[in-house]
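Notes for the one structure printed next.
Residues take their numbers from the sequence shown, with the count starting at 1.
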Amino acid sequence: MNINSNSNHTDAIPQNVNERNKEGVVPEKILYTVKEVSTIMHTNTGYVYQLISSGLLPALKLGSYKIRHISLMRFLEDYDGYDLTDPRDVEKISVSA
């Protein structure tokens, strides 16, 4: 990837993600840590690492693993209705009466 130092691409990225925009809304974070993802998903960090190592949840390694917001949202959408108890054995949820 070629990054031009004269580029204005950084204008689109908030310098402080906790700053509110002119409408008073806090912008979404772009990257999450494994701990933040585990909190969002109401699970533990070990499970998030399993999802990453199994290839189900895409991640970047920037010193430590980071998960893009869009990747997390896509993962949650793609696996809605699936049993992910064991990331190596994903199955559609079936409700038995």
In Å, rounded to the nearest 0.5 Å, how long is the span from [atom1] of [X] to [atom2] of [Y]?
X: Thr33; Y: Ile67; atom1: OG1; atom2: CD1; answer: 7.0 Å
X: Tyr49; Y: Asn44; atom1: OH; atom2: CG; answer: 11.0 Å
X: Thr43; Y: Leu51; atom1: OG1; atom2: CG; answer: 7.5 Å
X: Leu57; Y: Tyr79; atom1: CG; atom2: OH; answer: 9.5 Å
X: Glu36; Y: Met41; atom1: CD; atom2: CE; answer: 14.0 Å
X: Gln50; Y: Asp86; atom1: CD; atom2: CG; answer: 7.5 Å

Heavy-atom pair of closest approach, residues Ile93 and Asp83
CG1-N, 3.5 Å
Over all atoms of both residues, closest heavy-atom pair of Ser54 and Pro87
OG-CB, 3.7 Å
Side chain Thr39, main chain Lys35, donor-acceptor under 3.5 Å
yes
Hydrophobic clusters here meaning ILVMFWY residues chained together by side-chain heavy-atom distances under 4.5 Å, can you tell me if [X] and [Y] are in one?
X: Ile30; Y: Leu62; value: yes
X: Ile52; Y: Leu60; value: no
X: Leu84; Y: Met73; value: yes

Close side-chain approach of Leu31 and His69, heavy atoms under 4.5 Å:
no
Distance only, no hydrogens: is a donor on one side chain within 3.5 Å (strictly under) of an acceptor on the other, for Lys66 and Ser64?
yes
Take Val37 and Phe75 through the side chain to side chain contact (heavy atoms under 4.5 Å, CB included) test and state the conclusion after the steps.
CA-CA 12 Å; Val37 170; Phe75 166 80; over 6 Å; no
More than 12 foreign heavy atoms under 6.0 Å from OH of Tyr65: is that the case here?
no
